[in-house]
Chemist: 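Before I ask anything, let me first share the structure, which is written out below as structure tokens.
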Amino acid sequence: MSDLAMQRAMEDVFRWIDEHEDEIIGVLRDLIAIPSVNPWFFDEHGPSREKDVQIYIAKRLESIGAEIEMWEPESEKLAKYEGMAGYYPGRDFTGRPNLAATFRPAGGSDRGKSLLLFGHIDVVKPGAKWTKDPFAGVIEDGKLYGRGAVDMKGGVASMIMAVEALVRSGYRPASTVTIGTVVDEEAGGMGALAFIDRGYRADACILTEPTSLSIAPLCRGILWGKLTIHGRSGHIEMPQAHWREGGAVDAIGKMLLYLEQFKRFNADWAQRKTHPLLPIPCQLLVAQIQAGEYPTTYANRAEMIFNAQYLPSERDEKLVGGRVKREIEQFVAAVAATDEWLAEHPPEIEWLVDADCAETDADHPFVRLCADSLKRIGREGKVEGLCFHTDMGWPVNVGIPTINFGPGDPRLAHHSDEYVPVQEVIAAVKMIALTMMNWCGTEGKCPA
């Protein structure tokens with residue numbers, strides 16, 4: 001397609017988007033109205049609505065020419081990934097399918113580069129203190145409210161409607177475009193692992209996580225750990241003998257020792273664990289504390305849940321955070337060695353989550369193309385990393401250059417009254433459509 005023809009195609013597609021804003025936002029509202037809460041968040045396993053979302057997406061994309069594949073991940077078939085990101089033995093995906101919708105060029109042969117548009121459709125529980133119905137898709141002052149509006153049904157709607165805008169404007173991509181929507185990201189990412197294991201590949205990938213419309217070619221890894229410190233109970237109002245003579249040991253006091261030492265630990269990380277695309281360094285941050293049994297008794301046990309972040313450069317041989325785990329374990333042991341009780345009664349670390357990370361070179365041609373697409377629709381084209389985990393790890397692991405890009409402020413994810421600005425959704429549709437047209441090539445005009 002000539003430059004003039006490409007310019008006309010872009011104008012046609014953008015005109016369609018502008019004329020169908022209500023329809024685009026209607027798709028997002030439809031997605032929000034299906035409460036696809038990940039069943040991991042319920043005490044008792046119950047039916048998931050993730051499948052209903054996938055059926056909705058499949059019907060819409062099939063109507064404009066997509067080839068649809070839907071399948072339920074099977075944990076036993078993924079056992080070869082034990083110890084790697086996203087694998088959890090025994091996890092049940094009955095009624096929780098992944099979806100791949102593939103658009104192939106006329107003649108079946110790619111004449112440009114292929115593209116994967118990728119996202120998850122599960123959400124967390126609504127939680128408390130909403131002032132809007134979390135599944136109604138209420139729009140006020142240009143903001144669309146709902147659970148998943150930011151994380152990440154806004155992005156999923158954007159990528160669906162970017163392809164639809166191209167097709168319904170009378171064009172089609174000149175190379176294969178696959179829309180992949182997966183389950184289970186909110187509980188560890190096994191859906192993304194199953195998608196890549198299925199064999200889906202592309203020359204580049206846009207993962208439509210919320211980025212406030214910046215280009216994010218990096219996400220950090222996240223470790224959740226539980227540190228358990230043992231003490232010895234005793235009457236808190238009575239004098240105590242030395243612990244070697246049976247006296248009480250206050251587990252809370254020992255925990256305070258660790259809280260103080262973590263300041264030193266984080267000061268070191270603040271110098272060493274930085275990245276030019278990230279606004280803050282990696283840190284070990286305590287998120288939850290539980291200790292003690294009675295107001296009259298020294299705590300015989302104290303637990304803290306912590307969150308520690310790591311960089312792609314720190315991944316171990318299985319592409320997860322094993323090296324960082326060992327670093328933390330060694331620090332915990334070193335602190336214990338400074339205290340006679342802890343030296344003989346060492347704390348225990350239980351690792352709860354290892355959510356992987358990934359990076360695409362900021363100078364990669366696809367990253368530059370995405371930034372240019374943003375500038376061409378009047379946005380800044382900012383390139384920066386994400387401080388949190390996304391599903392980009394597995395696409396990158398198999399050689400697919402991947403960026404995160406989507407509407408919505410990621411700080412609003414999981415919040416009550418979560419919302420996405422309506423015009424950010426429309427801008428995201430335009431950016432994805434333009435990137436797809438230039439990366440994949442564009443054929444036209446054919447009957448819509």
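In this text, all values refer to a predicted model and were calculated from it rather than measured experimentally.
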Chemist: Between I377 and A427, what is the shortest heavy-atom contact and its length?
Modeler: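 It is CD1-O, 3.3 Å.
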
Chemist: Would you give the length of the straight line joining atom CD of E164 to atom CD1 of I17, rounded to the nearest 0.5 angstrom?
Modeler: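 Going from CD on E164 over to CD1 on I17, the span is 10.5 Å.
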
Chemist: If you measure from CG on L352 to CD1 on I305, what distance do you get to the nearest 0.5 Å?
Modeler: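 With rounding to 0.5 Å, CG (L352) is 5.5 Å from CD1 (I305).
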
Chemist: Who passes salt bridge (Lys or Arg N to Asp or Glu O under 4.0 Å) against K382, sequence neighbours left out?
Modeler: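 With neighbours one apart ignored, the set is E384.
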
Chemist: Could you name each residue pair satisfying salt bridge (Lys or Arg N to Asp or Glu O under 4.0 Å) that touches residues 9-20, not counting sequence neighbours?
Modeler: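 Every pair satisfying salt bridge (Lys or Arg N to Asp or Glu O under 4.0 Å) with a residue in residues 9-20: D12-R15, D12-K445, D18-K430.
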
Chemist: Indicate yes or no for a side-chain donor-acceptor contact from T435 to the backbone of S373 under 3.5 Å, with no hydrogens or angles considered.
Modeler: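 Pair absent, no side-chain N/O of T435 close to backbone of S373.
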
Chemist: Measure across G399 and P401 and return the closest heavy-atom pair with its distance rounded to 0.1 Å.
Modeler: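 Minimum heavy-atom separation between G399 and P401: O-CD, 3.4 Å.
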
Chemist: Above 12 or not: heavy atoms from other molecules or residues under 6.0 Å from CG of D3?
Modeler: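 No, not enclosed.
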
Chemist: For Q288, enumerate each residue passing the side chain to side chain donor-acceptor pair (under 3.5 Å) test, keeping only those at least two apart in sequence or located in another chain.
Modeler: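 Residues passing side chain to side chain donor-acceptor pair (under 3.5 Å) with Q288: none at all.
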
Chemist: If you draw the axis of the six-membered ring of W269, does the NZ or CZ of K273 fall within 45° of it and under 6.0 Å from the ring centre?
Modeler: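 Pair K273/W269 counts as cation-pi.
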
Chemist: Give a yes or no on whether the backbone of L144 and the side-chain of R29 come within a donor-acceptor separation of less than 3.5 Å.
Modeler: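 The answer is no, because no donor-acceptor pair under 3.5 Å joins these two groups.
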
Chemist: Look at the rings of F366 and W439 and say which category their plane angle falls in: under 30° parallel, 30 to 60° tilted, over 60° perpendicular.
Modeler: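 Taking W439 first and then F366, their aromatic rings stand perpendicular (interplane angle over 60°).
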
Chemist: Between E186 and K125, does any NZ, NE, NH1 or NH2 come within less than 4.0 Å of an OD or OE carboxylate oxygen?
Modeler: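 Not counted as a salt bridge, because no side-chain N and carboxylate O are separated by less than 4.0 Å.
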
Chemist: Is it the case that more than 12 heavy atoms not belonging to W130 sit under 6.0 Å from its CH2 atom?
Modeler: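 Result for CH2/W130: enclosed.
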
Chemist: Do side-chain atoms of E418 reach the backbone of A149 as a donor and acceptor pair under 3.5 angstrom?
Modeler: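 Side chain of E418 to backbone of A149, a donor-acceptor pair under 3.5 Å: yes, one is there.
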
Chemist: With side chain to side chain contact (heavy atoms under 4.5 Å, CB included) as the test, would you mind laying out the steps for E350 and W224 before giving the verdict?
Modeler: CA-CA 9 Å; E350 177 186 355; W224 293 355; over 6 Å; no

Chemist: Keeping Y310 on the side-chain end and G321 on the backbone end, is there a donor-acceptor pair under 3.5 Å?
Modeler: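 At least one qualifying donor-acceptor pair exists.
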
Chemist: Only counting residues at least two apart or in another chain, list the ones meeting side-chain contact (heavy atoms from CB on, under 4.5 Å) with I280.
Modeler: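 With sequence neighbours excluded, I280 shows a side-chain contact (heavy atoms from CB on, under 4.5 Å) to R220, C387, given in chain and number order.
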
Chemist: For residues 274-286, which residue pairs qualify under side chain to side chain donor-acceptor pair (under 3.5 Å), counting only residues two or more places apart or in two chains?
Modeler: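 Passing the test, one end in residues 274-286: H275-E359.
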
Chemist: Look at the side chain of E424 and the backbone N and O of P421, then say whether any donor-acceptor pair between them is shorter than 3.5 Å.
Modeler: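 Here the side-chain-to-backbone pair does not exist.
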
Chemist: Under the side chain to side chain donor-acceptor pair (under 3.5 Å) rule, collect the residues that match up with R379, sequence neighbours excluded.
Modeler: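 For R379, no residue satisfies side chain to side chain donor-acceptor pair (under 3.5 Å) once neighbours in sequence are set aside.
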
Chemist: For the CD atom on Q290, are there more than 12 heavy atoms of other groups (residues, nucleotides or ligands in this structure) within a distance under 6.0 Å?
Modeler: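 Check fails, neighbour count at 12 or below.
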
Chemist: About how many Å separate CE of M431 and CG of L374, when rounded to the nearest 0.5 Å?
Modeler: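 Between atom CG of L374 and atom CE of M431 there are 5.0 Å.
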
Chemist: Look at the side chain of D316 and the backbone N and O of L319, then say whether any donor-acceptor pair between them is shorter than 3.5 Å.
Modeler: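 Such a contact is found between D316 side chain and L319 backbone.
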
Chemist: Determine the interplanar angle of the F306 and W351 rings, folded into 0 to 90°, and report it as parallel if under 30°, tilted if 30 to 60°, perpendicular if over 60°.
Modeler: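 F306 vs W351 ring planes: perpendicular.
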
Chemist: Kindly indicate, with the supporting measurements, whether the criterion side chain to side chain contact (heavy atoms under 4.5 Å, CB included) is fulfilled by V182 and F118.
Modeler: CA-CA 8 Å; V182 300; F118 201 43; 3.6 Å; yes

Chemist: Measure the CG-CG distance between D356 and N397 for me, rounded to the nearest 0.5 Å.
Modeler: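 Between atom CG of D356 and atom CG of N397 there are 6.5 Å.
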
Chemist: Please check this pair: side chain of S175 against backbone of D110, looking for a donor-acceptor N/O pair closer than 3.5 Å.
Modeler: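 Not confirmed, S175 side chain does not pair with D110 backbone.
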
Chemist: For N38 and V123, indicate whether the former's side chain and the latter's backbone hold a donor-acceptor pair under 3.5 Å.
Modeler: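 A pair under 3.5 Å: no.
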
Chemist: As an exercise, state the distance from OG of S36 to NZ of K153, rounded to the nearest 0.5 Å.
Modeler: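 Going from the OG atom of S36 to the NZ atom of K153 covers 3.0 Å.
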
Chemist: If you measure from the Lys or Arg side-chain nitrogens to the Asp or Glu carboxylate oxygens, is any gap between K143 and D141 under 4.0 Å?
Modeler: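 Answer for the salt bridge query: no.
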
Chemist: Do any N or O atoms from the side chain of T178 and from the backbone of G180 form a donor-acceptor pair under 3.5 angstrom?
Modeler: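 Such a contact is absent between T178 side chain and G180 backbone.
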
Chemist: Going by side-chain contact (heavy atoms from CB on, under 4.5 Å), name the residues that satisfy it together with E74, two or more places apart in sequence or in a different chain.
Modeler: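 Testing E74 for side-chain contact (heavy atoms from CB on, under 4.5 Å), a comparison that skips the adjacent residues, returns E76, K77.
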
Chemist: With a 4.0 Å cut-off, would you call R368 and D372 a salt bridge?
Modeler: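 Salt bridge absent between R368 and D372.
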
Chemist: Would you mind listing every salt bridge (Lys or Arg N to Asp or Glu O under 4.0 Å) that reaches into residues 188-200, with sequence neighbours excluded?
Modeler: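 Of all non-adjacent pairs touching residues 188-200, those that pass salt bridge (Lys or Arg N to Asp or Glu O under 4.0 Å) are E69-R198, K80-D197.
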
Chemist: Would you sort out whether N98 and T181 count as a side chain to side chain contact (heavy atoms under 4.5 Å, CB included), showing the intermediate values?
Modeler: CA-CA 6 Å; N98 279 347; T181 50; over 6 Å; no

Chemist: Would one find more than 12 heavy atoms of other residues, nucleotides or ligands at under 6.0 Å from atom NZ of K132?
Modeler: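 For K132, atom NZ is crowded (more than 12 foreign heavy atoms under 6.0 Å).
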
Chemist: Applying ring pair (Phe, Tyr, Trp, His ring centres under 6.0 Å), which residue pairs with at least one partner in residues 400-427 are found, sequence neighbours left out?
Modeler: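 Counting only pairs at least two positions apart or across chains, the ring pair (Phe, Tyr, Trp, His ring centres under 6.0 Å) contacts touching residues 400-427 are Y145-Y419.
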
Chemist: Identify each donor-acceptor pair in which a side-chain atom of residues 202-213 lies under 3.5 Å from a protein atom, sequence neighbours left out, and give them as a table.
Modeler:
unit_1 : atom_1 : unit_2 : atom_2 : d
D203   : OD2    : S114   : N      : 2.9
D203   : OD2    : S114   : OG     : 3.2
T208   : OG1    : G155   : O      : 3.2
E209   : OE2    : H120   : NE2    : 3.4
T211   : OG1    : L213   : N      : 3.4
T211   : OG1    : S214   : N      : 3.2
T211   : OG1    : S214   : O      : 2.7
T211   : OG1    : G406   : N      : 3.2
T211   : OG1    : G406   : O      : 3.3
S212   : OG     : G408   : O      : 3.4

Chemist: With E62, which residues qualify under side chain to side chain donor-acceptor pair (under 3.5 Å), at least two apart?
Modeler: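 Expected list: none.
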
Chemist: Any side-chain to backbone donor/acceptor pair from R147 onto P134? Under 3.5 Å, distance only.
Modeler: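 Not confirmed, R147 side chain does not pair with P134 backbone.
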
Chemist: Do the ring planes of Y81 and W394 sit parallel (below 30°), tilted (30 to 60°) or perpendicular (above 60°)?
Modeler: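 Perpendicular, since the angle between the ring planes exceeds 60°.
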
Chemist: So how far is it from R49 CZ to Y56 OH, rounded to the nearest 0.5 Å?
Modeler: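 Rounded to the nearest 0.5 Å, the CZ-OH separation comes out at 13.5 Å.
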
Chemist: In chain order, what residues pass the side-chain contact (heavy atoms from CB on, under 4.5 Å) check against R91, with sequence neighbours excluded?
Modeler: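 If we apply the side-chain contact (heavy atoms from CB on, under 4.5 Å) test to R91, skipping adjacent residues, the hits are W40, Y88, F93, D184, A187, M190.
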
Chemist: Under the criterion side chain to side chain contact (heavy atoms under 4.5 Å, CB included), I'd like the reasoning laid out for D391 against L193: C-alpha separation, chi angles, the key distance, then a yes or no.
Modeler: CA-CA 9 Å; D391 268 339; L193 170 60; over 6 Å; no

